[in-house]
Structures are given as structure tokens and as C-alpha cells.
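To start, the structure under review is shown below, and the notes come after it.
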Amino acid sequence: MKHAAGASSATTSTSPSGRDNDEYRAVISVLVDNESGVLARVVGLFSGRGYNIESLTVAPVEDDGARSRINIVTSGTPAIIEQIRAQLDRLVPVCRVANLTTLGPHIAREMVLVKVVSTGEARTEALRIAEAFRARAVDTTASSFVFELTGASEKLDSFVELMRPLGLAEVSRTGVAALTRGPRSL
Amino acid sequence: MNAATQTTAAQPNASTTLSGAEVLLRALEEQGVEVVFGYPGGAVLPIYDALFQQDRILHILVRHEQAAVHAAEGYARSTGRVGVVLVTSGPGATNAVTGLLDALMDSVPLVCLSGQVPVQLIGNDAFQEADTTGITRPATKYNYLVKKPEDLARTVHEAFEIARSGRPGPVLIDLPKNITVGPAPYAPPSTQGRRSYQPRVEPDREAVREAVAAMRRGKRPLFYVGGGVINAGPEACEALGRLVHMTGFPCTSTLMGLGAFPSSDPQFVGMLGMHGTYEANLATHDCDVLIALGSRFDDRVTGRVDAFSPRSFKIHADIDPSQINKIITVDVPIIGDAGRTIAAMIEEWERAEGPAPDAAALKNWWEHIEGWRALDCLRFTQDPAPDAIIKPQKAIQRIYELALETGRDTYVSTEVGQHQMWAAQFFKFEQPNRWLTSGGLGTMGYGLPAAVGAQLAHPDALIIDVAGEASTLMNIQELGTIAQYRLPVKLFIINNQYMGMVRQWQELLHGSRYSESYSSALPDFVKLAESFHAKGFRARTMAELDDTIRAALAHDGAVVVDLCVAEGENCFPMIPSGAAHNEMILGPEQEAQGAVVTNEGKMLV
């Protein structure tokens with residue numbers, strides 16, 4: 001993708017709604033050289049230019065750890081998302097950038113750990129809901145559970161909301177990992 | 001102390017073990033570096049020691065690290081080569097930050113070498129330690145911290161490649177002292193570039209075709225060229241001249257693009273933007289095809305974005321894809337080197353497919369433009385009486401005309417403010433790389449060190465710094481550098497005893513409350529010149545103006561000319577903040593319009 005797509009890659013993408021001024025949520029995947037300071041460059045770009053980061057994940061993915069993949073969930077108008085893409089692409093250690101949201105169908109998943117501290121009826125209800133969501137209890141004591149759940153962010157959101165009245169004590173989320181569907185890769 | 005540090009010179013001999021400092025100098029030499037602008041300090045002593053023991057690279061000792069960077073910018077912009085800076089750790093590096101950001105904003109290729117405490121002390125709050133790569137990350141195109149000796153040579157070569165290629169910019173290499181003291185292996189430049197950095201230079205042919213088709217259809221076309229064309233090299237500027245002439249279109253330029261197309265050419269309509277000419281701004285507003293080449297729709301150019309060139313079909317050619325649609329949405333983006341894009345446009349134009357350009361419409365368009373031009377928007381009134389006070393516009397106009405009379409190749413740097421805009425308006429640039437000014441960052445104190453860099457690059461040329469008395473005091477210590485290296489720089493201070501542009505805005509937007517903009521307690525610039533071993537001149541009246549400028553230009557050494565000018569002059573034409581191009585203020589008689597500047601406009605800088 002880097003520079004090779006030329007003029008077509010530089011034209012403004014439209015939001016899934018098709019309207020130019022509507023903000024939308026985009027999942028942007030960035031393949032970077034795994035060198036010191038690269039995450040600071042990416043994060044500094046967002047803060048320095050006033051873009052949002054809703055979540056961010058990063059880990060080495062290929063070439064024996066020489067490259068990392070950063071997945072960023074951000075939101076903005078189509079013009080802003082396109083600017084984010086272009087500005088990221090301009091960074092020297094960035095190999096490839098893709099806006100998965102406009103690239104086509106994609107999968108975005110994250111994991112959450114949820115600690116629920118409760119007894120009696122609330123505890124039973126928490127366990128019942130966890131089963132319905134196919135969350136796993138990865139830690140259990142007489143007064144608490146830690147549930148592990150993976151899936152789309154919205155599913156995680158509703159699970160956390162349901163746990164709130166049932167003794168929700170602590171939440172830890174990973175942010176999304178994302179890939180395009182089908183044989184095509186970044 | 002090992003044997004490596006006692007090696008006497010950076011001999012290109014693989015069997016000798018070189019120190020990191022020697023490897024560094026050898027890499028610089030291989031990159032064709034002839035001059036380094038710097039200032040020593042603890043963390044760079046090994047590099048200074050290696051410099052001492054060789055004579056192929058000239059080191060210029062500046063008086064402040066900021067000036068080292070501006071001098072390297074002046075060198076780079078007047079030659080098209082990469083400028084090199086050497087500063088120590090901590091304050092040396094932080095002092096360089098303003099210059100680095102200036103170079104980033106104006107796309108100037110630089111490599112800045114900064115000393116750093118030894119790797120094992122990093123993070124310990126050691127003496128003169130700073131997180132230099134952290135601090136300079138948003139102020140550079142790219143930066144490095146060299147942690148391993150085997151990375152040193154490769155890093156230096158890569159830094160030069162990144163600085164000069166694509167959209168040029170400053171690159172910093174942070175060099176811990178143990179790396180420069182200890183042994184390091186040398187490596188020649190790699191032939192294959194870094195995989196993640198492959199700037200696109202060749203424009204997409206289909207996009208060029210689409211652009212040229214639109215140009216052919218245009219009834220009111222306009223070229224809007226910027227610094228990118230100058231960065232693309234003299235051949236690109238020459239090609240631009242051919243393209244503008246073969247199409248017959250008018251051409252305007254940004255502040256940074258002055259010289260890309262000859263200012264005296266009848267097809268040149270002057271600079272556009274906040275202090276651009278009436279004809280350039282009206283043409284921009286009324287055109288139906290706008291061809292932006294190597295320019296980035298800066299806010300000084302566009303004015304109110306939603307009223308910018310509202311009816312035009314927009315073509316934008318730039319080497320940096322992130323500039324496309326950043327501020328103004330365009331119809332045809334072209335990513336690539338400006339020179340190659342212009343060459344491709346020429347080919348397409350000559351191929352002459354489709355309907356012939358509408359010659360009658362173009363003629364009509366030129367009649368409009370000539371009508372606007374006839375207004376003579378840069379006119380000012382100067383009392384010709386011998387004892388009359390000099391208008392700043394007159395002073396700058398005469399510096400230009402009398403410099404022209406010398407017949408010498410002339411390079412002009414400026415500081416930032418009214419004098420800068422007047423210099424942009426009154427100087428005519430027939431060639432690229434002759435105009436050195438801080439555009440994007442607007443750095444006061446840029447001009448004098450930039451003149452140092454330009455004079456070193458062009459020892460026989462006439463180097464003029466058109467300065468304001470406030471700006472020039474920000475880096476006046478560089479008179480010391482000028483003295484040490486006997487640089488015949490001509491510093492002309494347009495002295496109105498005010499930070500003129502600040503005062504102008506206070507007059508326009510803040511009820512003439514001149515808060516802190518008066519230059520109190522100014523030095524006697526003539527005596528100041530003398531104390532720095534330069535020759536001082538002063539002119540107070542019209543009778544003295546020409547003779548003073550002539551004498552200053554004829555002097556074979558450095559001069560400081562204090563031109564005492566009228567205090568209250570404002571720079572016109574002007575598009576007030578938040579206004580559109582067709583809402584220009586042309587002169588003092590229209591200044592009452594200032595009252596219409598909205599609060600929204602006031603919030604803009």
C-alpha cells in the first residue's frame with residue numbers, strides 16, 4: 001500500500017454512511033519496523049494533531065520480531081480518517097497502513113477480563129450471564145470471579161454493562177486485534 | 001583508552017580500527033559534506049577531536065546552536081544540498097530544536113548530529129542529559145539514537161538519504177559519547193533503501209492526463225507554485241518556466257516558492273496570500289482551474305478556507321501524500337516529484353489531444369488580470385524631500401534596486417515580520433535558491449545565521465539579510481561568526497523601533513493598544529557593528545538613503561546598516577484574518593475596515 005497506490009490512495013474515502021461530514025469509527029492497522037520509539041511516533045502523531053485514539057494494540061507479528069502490528073480504533077469524518085492514514089504512512093518506520101473499515105469486510109476482536117465481587121443471588125446471576133456470553137471463569141474465590149471474554153467490542157461492552165449491578169469491581173480490556181476477511185492481506 | 005582513539009585521521013583504510021568519531025567523519029565525507037555548523041561541548045568532544053585532526057571537512061563555529069541550524073538551512077536552501085549541524089547534548093540539542101522545526105515546516109534537508117551522555121548513563125539524569133530523540137521527535141522528519149557501534153555508519157548514510165529524498169526535512173542522530181569514543185566498523189552506503197521508506201517520485205500518468213485535460217478546458221486558469229518546485233531542483237524550475245510559457249497561463253507563487261518562476265516575467269502575477277498582490281489574490285479567487293505545484297494550501301495562503309478559490313477545479317501535485325485534501329479538497333491529486341510532474345504535464349500538453357485551449361477566454365482572463373494589476377497594489381507614497389523620513393517600503397525597494405545595479409549574484413535572507421513581507425513584495429527573484437526566509441514557522445532571528453550559511457556556500461556572491469531591528473536582535477551574536485570567518489554579509493536593519501507586524505495587528509485588531517511591541521532601549525547598531533569588527537552605517541533621511549546603501553554594498557567586508565524608517569507604516573495589501581481573498585485591505589485609507597474583523601478572525605493568528 002505504501003505510496004504504491006498513488007493517486008487513488010490519496011483520494012478521500014467515504015464513511016460507511018456515505019456522508020462526508022459524518023463521523024465514523026475506523027479500525028486502522030499499521031505495520032511498523034519494530035524499533036525503539038516507533039510507538040511514541042504513532043501515539044505522538046495522534047496527540048500532536050488532535051486525533052482520537054479509542055483503543056490501541058501493539059505486538060511483534062512477523063520477521064522474527066522485526067515488525068510489529070499496531071491496531072488503532074479511532075473516530076472522525078472521512079477526511080480526518082484519510083488524513084490519519086496519510087500522516088501515519090508518512091512516518092519513516094511505517095511499512096503499511098490500512099483503514100480496515102473502508103477496505104472491506106474485516107474482523108475486529110478484543111478480550112476483556114472482568115472481576116465481579118458478590119455473593120448470593122447476584123453471584124448466581126453473574127455466572128448465568130457469563131455462561132450465556134460464553135465467558136470463562138479464569139479465577140474463582142468464594143466471593144469473586146474473574147471472567148475472560150473475547151469478541152467484538154460491542155459484545156464486550158454489553159457484558160460489562162450487565163455485570164455492573166452484579167458486583168463489577170474491575171475491568172481490563174486489550175483493545176482490538178483486526179484482520180481483513182478473505183484471502184487478501186494487509 | 002584504547003588504540004582506536006589514538007588513530008590520527010579518518011583514513012579510508014579498512015585494516016585500521018577507527019573510533020566512532022572517525023567513522024562518523026568518514027561517513028560525512030562519503031556523503032559529500034564540506035561544511036559543518038556547530039558548537040562544541042562535553043558530549044561531542046571526541047567528534048571535535050577527530051575534526052581537529054583532519055582538513056577535509058570545514059567546521060564553522062557559531063555563537064548559538066539555534067544559529068547553527070539556521071546557518072545549515074541557509075547553506076542547504078541556497079545550494080540544494082544537505083546542511084549539517086553538530087551540537088552537544090542537553091542544552092546544545094534543546095537550543096537546536098527551533099531550527100529543526102523551522103526546517104521541518106519549510107522542507108529543508110538537514111542532518112543534525114547531537115552528542116548524548118554514554119549509553120550506560122542514559123536515564124540517570126546525568127550532567128547535560130536530555131531525552132533528545134523524545135524532544136525532537138515532532139520537530140524532525142526522523143531521528144535516531146545510536147546505541148551500538150555497528151549501527152553508526154549505516155545510520156549516518158540512511159539519515160542523509162531520508163533528509164534529501166521525498167519531501168526533504170531535518171534528521172537528527174543522537175550520538176552517545178561511548179559510541180564516538182569506542183571503536184566502530186565502517187560501512188559504505190547501502191544500495192537498497194529502507195523497505196518502509198519508499199517515497200513516490202514518479203507521478204501517475206492517468207492523473208497527469210486528467211490534470212492537463214482540465215487545464216485545456218480552463219477559461220481562467222492559474223498556476224500556484226510553492227517551495228516544492230524549488231526543492232525539486234533548478235531543472236524543475238526551468239521546466240516550470242516552459243510549462244507556464246507554453247500554456248500562457250498566469251502564475252502566482254507562495255512565499256516559499258519565490259524564484260521558482262522569474263518574478264520579472266509578465267506572466268508572473270506576484271505572491272498570493274495574506275500580503276500577496278491584489279492581482280494574485282483576485283486571480284486565485286476567480287480562477288476556474290487552479291494548478292497547485294509543490295504548495296500546501298497554508299493558512300497564510302488560503303485565508304478563509306470555505307471562500308478559497310470557490311469556483312475552481314483544483315489540481316494538486318505534491319510529493320507528500322498527506323498534503324492532499326488536508327486543508328482544501330482537490331479534484332485531481334498527483335503524488336510525485338514536482339519536476340517529474342511538470343515534465344509529464346509538458347509532454348501531455350504537447351501531445352495536444354482533445355479541444356484546443358480557448359484562446360479568447362484566456363485573453364479575456366488576462367484582461368481581467370491586467371485590470372487588477374493596474375491598481376498597482378504595492379504603491380506607497382514617499383516624500384522625496386532630502387530631509388524626509390524614509391518609508392520602510394522605499395528602503396527595501398532601494399536595497400533591491402541598488403543590489404541589482406551591482407550586477408552580482410545576490411542571495412537574500414530575512415528575519416520575520418513586516419520587513420519580510422516587504423522584501424517578498426519588492427525583491428524580484430529571477431532564479432531559485434536565492435530567497436531564504438522562514439515561512440512555515442516564522443522564526444525571528446532566522447536571517448542573520450541563514451546569511452552565514454549562504455555566504456559560506458557562495459563566497460563570491462552578495463549576501464543580504466533584510467532585517468527588522470527586533471528580529472535581528474534574536475541572533476545578533478552571529479556577528480561574531482561573521483567576523484571570525486570574515487564573511488562579507490550585508491545586514492540591513494529596517495529600524496522602525498517597533499515589532500512592526502505585532503504593532504500592525506494591534507492597530508488592526510486591538511484598538512491600537514501597543515502592548516509590549518515598542519523596541520525600547522535599542523543598541524546603537526553602528527557601534528554594535530564596530531564592536532563585532534564590522535562596518536556600521538546609518539541613514540535617517542531620504543538624502544542619505546541611496547549613498548548609504550551604495551557604500552554598504554561596496555564595502556568588501558561585513559556591514560550593519562541601520563536604516564531609520566517611519567514608525568507607523570503598515571504592510572499592505574492585507575487579507576485580514578478570517579477574510580476571503582476578495583476582501584483585501586489595499587492601503588491605510590481602507591484600514592477602517594479593520595473594525596469588521598470578527599472575533600472568529602481575531603482568534604486566528
Side-chain angles (χ1 to χ4, degrees), chain A residues 1-14 20-21 28 30-51 62-63 66-70 76-97 99 186, chain B residues 131 133-147 151 155 158-159 161-163 165-167 169 171 174 193-211 315-336:
Chain A
M1 288 292 291
K2 174 101 179 164
H3 301 304
S8 62
S9 76
T11 53
T12 307
S13 54
T14 49
D20 284 352
N21 292 321
I28 295 178
V30 193
L31 201 63
V32 298
D33 289 344
N34 194 9
E35 60 177 30
S36 92
V38 66
L39 188 60
R41 273 178 221 285
V42 169
V43 173
L45 174 76
F46 277 75
S47 61
R49 293 189 182 264
Y51 307 139
E62 60 172 69
D63 285 1
R67 272 167 227 282
S68 287
R69 183 174 178 126
I70 300 175
T77 62
I80 287 174
I81 303 288
E82 174 53 26
Q83 258 300 299
I84 292 174
R85 196 203 60 74
Q87 294 286 353
L88 283 168
D89 208 4
R90 188 159 80 133
L91 298 178
V92 170
V94 167
C95 305
R96 284 196 289 280
V97 186
N99 176 358
L186 184 58
Chain B
D131 174 9
T133 49
I135 291 168
T136 59
R137 198 171 286 126
T140 52
K141 183 175 177 184
Y142 193 52
N143 63 14
Y144 303 86
L145 170 63
V146 179
K147 281 184 164 170
D151 291 342
T155 301
E158 191 178 278
E161 178 56 24
I162 289 174
S165 63
R167 179 178 177 183
V171 178
D174 207 21
R194 185 176 170 142
R195 207 179 92 185
S196 66
Y197 177 76
Q198 303 286 339
R200 186 189 164 98
V201 290
E202 203 55 55
D204 178 49
R205 279 292 169 154
E206 196 41 55
V208 172
R209 250 191 294 278
E210 213 183 313
I315 297 157
H316 187 190
D318 204 286
I319 198 156
D320 177 359
S322 71
Q323 300 311 309
I324 307 292
N325 295 331
K326 187 181 75 175
I327 293 163
I328 299 290
T329 307
V330 298
D331 299 284
V332 181
I334 306 172
I335 312 297

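We name chains A, B, ... by the order of the sequence lines, and we start the count at 1 in each one.
Taking each heavy atom of Ser322(B) and Gln83(A) in turn, the nearest pair found is O-NE2, 2.7 Å. Closest heavy-atom contact between Ser196(B) and Pro93(A): OG-CA, 3.6 Å.
The shortest side-chain heavy-atom distance between Val92(A) and Arg194(B) falls under the 4.5 Å cut-off.
With a threshold of 4.5 angstrom between heavy atoms, Asn143(B) approaches chain A through its backbone and through its side chain.
For chain A, the option among Leu145(B), Asp320(B), Ile162(B), Val330(B) with the highest count of heavy-atom pairs below 4.5 Å is Asp320(B).
Atom CZ of Arg49(A) is separated from atom NZ of Lys326(B) by 6.0 Å, given to the nearest 0.5 angstrom. The CZ atom of Arg200(B) lies 12.0 Å from the CG atom of Asp89(A); values are rounded to the nearest 0.5 Å.
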